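Report on the structure given below.
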There are 2 protein chains.
Amino acid sequence: MTNPGCLVTSDLSPPSPARAVEVDRTSPIPLYFQVASRLQELIEQGEIGVGSRIENEVDLAERLGVSRPTTRRAIQYLVERGMLVRKRGVGTQVVHPKVRRPVQLTSLYDDLSAAARYPRTEVLDLRVVPAPAEVAEALQVAPGTPVTWFERLRYANDEPLALMHNAIPTGLLTLDRTELAKHGLYELLRRAGIVPQVATQTIGARAATAAEARVLNEKRGASLLTMTRTAWDATGKALEYGSHLYRASRYSFELNLSAG
Amino acid sequence: MTNPGCLVTSDLSPPSPARAVEVDRTSPIPLYFQVASRLQELIEQGEIGVGSRIENEVDLAERLGVSRPTTRRAIQYLVERGMLVRKRGVGTQVVHPKVRRPVQLTSLYDDLSAAARYPRTEVLDLRVVPAPAEVAEALQVAPGTPVTWFERLRYANDEPLALMHNAIPTGLLTLDRTELAKHGLYELLRRAGIVPQVATQTIGARAATAAEARVLNEKRGASLLTMTRTAWDATGKALEYGSHLYRASRYSFELNLSAG
DNA sequence: ACCCCGGGTTTGTCATGACAAAGTATTGAC
DNA sequence: GTCAATACTTTGTCATGACAAACCCGGGGT
């Protein structure tokens with residue numbers, strides 16, 4: 001049943017070339033990660049066809065010259081990322097590419113800049129104010145504590161798209177208008193070594209007020225998407241509160257959910 | 001440094017009672033899961049204070065009478081769920097409760113029943129039709145393939161809340177109106193052993209048409225939240241396509257995102 | 001023809017032992 | 001007193017070995 005030099009035991013895909021599949025024990029990169037990367041590469045390049053079965057753990061481990069736990073961990077890593085599915089007594093299969101688990105916090109960072117929609121940001125306001133009740137609760141500080149508050153208008157393709165209000169704790173990061181106009185907030189945070197780990201968002205909708213409609217170039221009463229978000233780092237420290245308005249005619253949220 | 005009978009080595013929280021912390025080796029429940037559940041319980045009950053450090057792996061393993069890999073796996077399980085944070089050379093800490101990774105793939109009905117909002121469902125339509133282009137693409141079948149199509153109106157507290165259109169592949173499950181009126185779609189799927197694993201959703205907003213407004217008891221032009229979703233099982237088979245309308249005045253989406 | 005049972009395959013769980021790497025605290029020299 | 005080197009603690013990685021549980025398939029009995 002073993003098939004030396006070939007990672008797959010499939011009768012669907014043609015036999016893979018007998019490439020060298022080996023690990024580098026002098027590398028500081030963990031063995032399990034080397035194995036996982038190699039497998040992922042093969043899958044993404046389509047060398048292991050969708051639906052075909054991977055070689056079983058024991059044989060794979062022996063052939064690569066690593067222990068079974070290491071192999072297991074590599075496979076587990078890809079299972080958690082949604083690339084593989086395992087069934088006891090059956091084997092490990094490559095799942096359909098549609099079912100890949102996505103990164104979830106990155107999808108909503110600066111979705112525009114990634115989509116080549118020529119984003120532009122106008123900073124309408126930027127100052128330090130005492131936190132209003134809602135902001136204070138979200139950021140877990142006492143009401144009235146100074147926070148950095150700013151308001152931005154984001155364009156895409158030279159059309160207004162979103163009106164964004166944000167608050168961050170003072171001391172976390174000092175922002176200036178030109179930086180804020182040139183980069184997304186999350187990019188600036190990351191650059192300062194601040195890594196948002198978890199966020200809760202609430203997405204709703206309502207009609208635009210006259211003032212909002214004017215700024216966003218919509219008619220009064222037009223549908224707007226509302227989004228409020230609070231982000232925390234790994235230790236639970238609140239990093240950011242945001243209350244945003246999007247033109248429903250030009251924007252929608254796309255989410256990828258996964259169970260488990 | 002060890003503190004027998006007490007899971008925490010914290011100088012912040014009062015010493016926990018010396019409760020029996022043991023595992024049941026006769027149980028079919030895996031040991032690592034027993035340990036993880038026990039830890040989770042202690043954390044959720046606040047017996048292990050936020051920010052305090054857990055006893056280290058080696059000692060904990062010895063005291064529970066299990067091996068270190070088993071203990072590690074239990075802790076890892078909670079780390080992946082966002083309850084614990086580990087740092088090499090430091091230890092394992094309990095993170096702020098706000099930073100908990102939630103279950104993400106739930107249905108509206110589940111949400112409502114959990115919130116005790118007295119959900120009720122009216123089945124407006126249920127039949128097998130040839131798949132229109134949009135549905136066919138989402139479910140990955142040829143256009144015109146028969147699919148089960150149904151339309152439901154969901155109430156909460158005796159008020160209309162959402163108008164839901166769904167399509168599922170025929171052969172997956174035979175639905176009947178009374179079952180569909182009594183239970184959520186996802187509950188029926190689960191009961192048939194069908195487990196949605198991944199889903200993509202698009203959330204937007206638009207104004208209600210006259211017909212939609214009438215059904216949902218809104219004024220014409222009122223803001224509605226739109227949500228379209230496709231769900232797949234672990235092997236990448238499409239399970240469900242849904243196109244839903246929610247009254248923005250009564251409903252919003254709450255999401256929990258996490259990086260990693 | 002159908003059903004049950006057993007053997008083979010494959011993943012799931014667990015123990016033991018060992019060393020490496022990172023972070024913290026202590027100690028020593030200047 | 002301050003700074004750097006060292007020791008210690010704690011998690012990270014990896015190997016080996018063993019048994020259990022679930023699944024698939026084919027053979028034999030009814």
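Every value quoted in this text rests on a predicted model; they were computed, and no experiment measured them. The chains referred to below are lettered A, B, ... by the order of the sequence lines, with proteins before strands, and numbering in each begins at 1.
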To the nearest angstrom, the CD1-P distance between B:Ile75 and D:dT11 comes to 7 Å

Donor + acceptor pair across side chains of B:Glu134, B:Tyr241 (<3.5 Å):
yes

Is it true that atom CD of B:Glu179 has more than 12 heavy atoms of other residues, nucleotides or ligands lying nearer than 6.0 Å?
yes

Rounded to whole Å, how long is the line connecting atom CD of A:Gln93 with atom P of D:dC23?
14 Å

For A:Ile54, does its backbone N or O pair with a side-chain atom of A:Gln93 as donor and acceptor, under 3.5 Å?
no

Interatomic distance where CG belongs to B:Asp24 and P belongs to C:dC14 [whole Å]
12 Å

Take the protein atom CG of A:Leu84 and the nucleotide atom C1' of C:dT11, then report the distance between them rounded to whole Å.
13 Å

Taking the six-membered ring for Trp, is the centroid-to-centroid distance between A:Phe253 and B:Phe253 below 6.0 Å?
no

To the nearest Å, give me how far apart NZ (A:Lys87) and P (C:dG12) are.
12 Å

May I ask you to evaluate whether B:Tyr32 reaches the phosphate of C:dC14, defined as a side-chain N or O under 4.0 Å from OP1 or OP2?
no

By nearest-nucleotide position on DNA chain D, the 5'-leaning member of B:Thr92 and A:Ile29 is B:Thr92

N-O pairing of B:Glu57 and B:Arg86 below 4.0 Å:
yes

Show, in sequence, the C-alpha distance, side-chain angles and deciding distance for A:Glu55 and A:Arg63, and conclude whether the salt bridge (charged side-chain N to carboxylate O under 4.0 Å, His left out) test is met.
CA-CA 10 Å; A:Glu55 191 178 354; A:Arg63 203 158 51 69; 2.8 Å; yes

Per-nucleotide protein contact string for nucleotides 15-21 of chain C (B base, S sugar-phosphate only, - none; heavy atom under 4.0 Å)
BB-B--B

Take atom CZ of A:Arg53 and atom P of D:dC23, then tell me their distance rounded to the nearest Å.
15 Å

Indicate whether the side chain of B:Gln40 and that of B:Tyr77 have a donor and an acceptor atom separated by less than 3.5 Å.
no

Classify the nucleic acid contact of A:Arg72 as base, sugar-phosphate or nothing, counting any heavy atom under 4.0 Å across all strands shown.
base

Rounded off to whole Å, could you give me the CD-to-P distance for the B:Gln76 and D:dG12 pair?
7 Å

B:Asn56 atom CG is separated from C:dG23 atom C1', nearest whole Å, by 14 Å

B:Arg73 side chain near C:dT13 phosphate (N/O to OP1/OP2, under 4.0 Å)
yes

